[in-house]
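Reckoned from all heavy atoms, side chains included, excluding hydrogens, waters and symmetry mates. Residues take their numbers from the sequence shown, with the count starting at 1.
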Amino acid sequence: MLSLPAVLAHAVSILCAPAVDFTFIDVGASAGFSGFSPAFGLVTGVAAVDFDRDGLIDVFLPTGSGTPNRLYRNLGNGQFAEIAANVNLADQTSARGALWFDYDGDGDLDLLVTHDSGTTVLSLYRHESNHTFTDVTTSAGIALGPGVPANPNAQRQSGGVSVADIDNDGYPDICHAMWNGPLRLFRNNGNGKFTDISASSGVGALLRSYWQPFFFDVNGDGWTDLLVSVDFDQNMLFINQGNRTFVDVASASGFANDMNDMGVTAGDYDNDGDMDFYVTNIYGIDPFSGQYTHNVLMRNDTSPAGVTFAEVADATGCADGGWGWGATFLDINRDGWVDIAETNGYWNWIRPSRLFLNSGAPPVGFSDVAAAAGFDDTYWGAALVALDYDRDGDQDVLQVCMEGYIRLLRTDLTGVAAARHYLTVRPRMTGPNRFAVGAVVRATAGGLTQMRHISAGTGALGQEPYEAFLGLGDAGVVDVLRIEWPDGNVSVIHDVVADRSLTLTIGLPGDLDLDGDVDNVDALVFVGCLTGPGTGTQLVVDGCSGADLNGDGDVDLADYARFAALRAD
């Protein structure tokens, strides 16, 4: 039977659930999302980013054999248009997941699509200048490599994919997981090609049921590490040794949960300045081992003495997630404390989706408010991601279900939540890592300091936008906004006005369009900054990051003189 603490925590979570000041409305059908046929299996993915850089979040949806993949372009009026065929992405090969990233450093997001078997377990599409795509899988060197099991069967399917710069050369590398297969790591050579370093890196030694990789610098040494959720076996935590090799410290650190681990997502749920991890599982008693299994919340207790995690899901009230798949940390009511949304299902075992609301006061606990918020569907939920699709300053949820439903859940804030403030931050860089994968955003406002991480690949075969959403409570100004860039640089900005989306850049002075040089295009951007709203703290003006070249807090003729000198050089 279930442990008494688990039963009590779940009962208290339900009986003492607080009143909510938000509701979810499913607008998927009216927004233009139609039913689809996912690949046969256990889970399916979704990738939600602004692929065409118009400021609006678009959605790519992989589909099963015989059904074209779908790319839904956000029109900005609450509607999406399906354009996959128009841009050469309507492939009908069975696809499981996808991820957008800039593999060649040209500033455009390219698309990686995953499959379960065959010679193209990974397909890579290069984003061309006219917003069409070209299949470059073979030339990029990520086709099925030697030594990788290639015998397709119903019990082998693609897990998640994640990218990050593992060797600090600026180029994003790829980790791909396979359920009942290998964990593969591809190094980006910086010339449009990848090298499979799965064996030499130390991450590809075992065939296991891997579900979702996640990159994050766990020990803060400047090298991104790799966490992997593993079904039927211990999770893995590979610490980057700084020489393209990794050492698994999951057992020693307390991260090696040995259950049916599937989805993994990251968030600083207790606002103590480090990243915690939520891993979805099957809730109940394993009929074979008798083990009590449940979602786990890995509180990060890492210190200079070493990497350490403590499992606190039962203690905090977020252990029961049914047959968990996709999950995400999000600040649904903008109070500055991240909550947890989770979906679940498996054939005849389907429980309501969960929405664990953060109590927001130490000791932090969670209450399931899914029913009150209208998030208690009983579909077989798979990938689940948070996004502000309508740019109204709150986080909506996109849920993909194995029955063929796409649920776009618009968040409607009421009462106290509607009056709270927010800030959306988009870190951007010059050089190959344009979208600042691996950056950490910290914001201090109203006496609270929060942190967010810019990741590529999360949950269960999901991807969220390259931006950080921060609920600010009653604070209308962020006292200190700190960006810890992947290259080790740090930017600190003071007195940032809330209730806006900000694009913050770091890189070559004067390179305002982030293409690696200072030219006429930058001059046009600069003029817009000079005559537009470029007053006050310059880095909080969208499109004008870096135009305050003399650092005096505004953009004026003195800055233009410096800009003209840069162009002359």
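With hydrogens and angles disregarded, no donor-acceptor distance shorter than 3.5 Å links the side chain of Asn88 to the backbone of Thr134. Within the 3.5 Å criterion, the main-chain N or O of Val49 finds no donor-acceptor partner in the side chain of Glu464. Between the Asp248 side chain and the Leu237 main chain, a donor and an acceptor come within less than 3.5 Å of each other. With hydrogens and angles ignored, the 3.5 Å screen pairs no side-chain donor or acceptor of Arg428 with any backbone N or O of Thr505. Arg391 places no side-chain N or O within 3.5 Å of a backbone atom of Tyr389 that could act as its donor or acceptor partner. Of the possible donor and acceptor atoms, none in the side chain of Thr23 sits under 3.5 Å from a partner among the backbone N and O of Ala373. No donor-acceptor distance shorter than 3.5 angstrom exists from the side chain of Asn433 to the backbone of Gly170, with no hydrogens or angles considered. A side-chain donor-acceptor contact under 3.5 Å links Asp388 to the backbone of Gly393. Without hydrogens or angle criteria, Asn77 side chain to Gln79 main chain gives a donor-acceptor distance under 3.5 Å. A donor-acceptor pair under 3.5 Å is absent between the side-chain atoms of Glu311 and the main chain of Met298, judged by distance alone.
Annotation: side chain of Leu226 is not in contact with side chain of Asn240 (no heavy-atom distance under 4.5 Å). In this structure the side chain of Leu122 reaches within 4.5 angstrom of the side chain of Phe186, judged on heavy atoms. In this structure, the side chains of Phe214 and Thr458 come closer than 4.5 Å at one or more pairs of heavy atoms. Looking at Leu461 and Thr44, their side chains never come closer than 4.5 Å, going by heavy atoms from C-beta outward. For the pair Val397 and Leu355, the minimum side-chain heavy-atom distance is 4.5 Å or more. The shortest distance between side-chain heavy atoms of Arg156 and Trp179 does not fall below 4.5 Å.
Of the candidates Phe51, Phe60, Tyr103, Phe101, Phe51 is the only one forming a ring-ring contact (aromatic ring centres under 6.0 Å, His included) with His127. Of the listed residues (Ser65, Ser158, Ser94, Ser123), just one forms a side chain to side chain donor-acceptor pair (under 3.5 Å) with His115, and that residue is Ser123. Tested against Asn281, the residues Thr293, Asp261, Asn344 include a single side chain to side chain donor-acceptor pair (under 3.5 Å) partner, Asp261. For the pairing with Ser353, the side chain to side chain donor-acceptor pair (under 3.5 Å) check across Thr343, Asp368, Thr378 returns one residue only, Thr343.
There is no side-chain donor-acceptor pair under 3.5 Å between Tyr125 and Glu128. Between the side chains of Asn69 and Thr63, at least one donor N or O sits under 3.5 Å from an acceptor N or O.
Atom CG of residue Leu206 and atom CG of residue Asp233 lie 8.0 Å apart, to the nearest 0.5 angstrom. Taking CZ of Arg208 as the reference point, atom CG of Asp231 lies at 12.0 Å (rounded to 0.5 Å). With rounding to the nearest 0.5 angstrom, the CG atom of Leu330 is 9.0 Å from the CZ atom of Phe469. One distance of note links OG1 of Thr328 with CD1 of Ile340; it measures 9.5 Å at 0.5 Å rounding.
Between Phe133 and Trp100, the distance separating the two ring centers is shorter than 6.0 angstrom. Tyr346 and Trp380 have their aromatic ring centers within a separation under 6.0 angstrom. Taking the six-membered ring where the residue is Trp, the centroids of Phe33 and Phe80 are separated by under 6.0 Å.
At a threshold of 4.0 Å, the pair Arg434-Asp102 does not count as salt-bridged, since none of the basic side-chain nitrogens sits closer than that to a carboxylate oxygen. Classification of Arg126 and Asp106 as a salt-bridged pair fails, no side-chain N sitting under 4.0 Å from a carboxylate O. Taking 4.0 Å as the cut-off between side-chain N and carboxylate O, Asp108 and Arg53 count as a salt-bridged pair. By the 4.0 Å N-to-carboxylate-O rule, Arg410 lies too far from Asp390 to be salt-bridged with it.
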As a quick check of understanding, evaluate side-chain hydrogen bond (donor to acceptor under 3.5 Å, both in side chains) for Arg426 and Thr503, giving each step before the final call.
CA-CA 5 Å; Arg426 303 188 196 101; Thr503 300; 3.3 Å; yes
Is there a side-chain hydrogen bond (donor to acceptor under 3.5 Å, both in side chains) between Arg187 and Ser201? Walk through the geometry before answering.
CA-CA 10 Å; Arg187 178 182 177 252; Ser201 66; over 6 Å; no
Step by step, work out the side-chain hydrogen bond (donor to acceptor under 3.5 Å, both in side chains) result for Asn295 and Glu342.
CA-CA 10 Å; Asn295 289 357; Glu342 187 253 25; 3.1 Å; yes
Does the pair Asn257 and Val279 meet the rule for a side-chain contact (heavy atoms from CB on, under 4.5 Å), with working shown?
CA-CA 9 Å; Asn257 192 61; Val279 186; 5.9 Å; no
side-chain contact (heavy atoms from CB on, under 4.5 Å) between Val59 and Ile406: does it pass, once the steps are laid out?
CA-CA 11 Å; Val59 176; Ile406 311 166; 6.0 Å; no
Under the side-chain contact (heavy atoms from CB on, under 4.5 Å) rule, what do Trp211 and Trp325 come out as? Steps first, then yes or no, please.
CA-CA 10 Å; Trp211 272 128; Trp325 291 108; 3.7 Å; yes
Check the pair Leu111 / Leu124 against side-chain contact (heavy atoms from CB on, under 4.5 Å), numbers first and verdict last.
CA-CA 6 Å; Leu111 181 65; Leu124 181 60; over 6 Å; no
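Taking the six-membered ring where the residue is Trp, Tyr278 and Phe329 present perpendicular rings, their angle passing 60° and hence far from 30°. Classified by interplanar angle (parallel below 30°, tilted 30° to 60°, perpendicular above 60°), the ring pair His453/Phe216 is perpendicular.
Heavy-atom minimum distance, Leu109 versus Asp50: CD1-O, 3.7 Å. Closest approach of Ala383 to Val46, counting heavy atoms only: CB-CG1, 3.7 Å.
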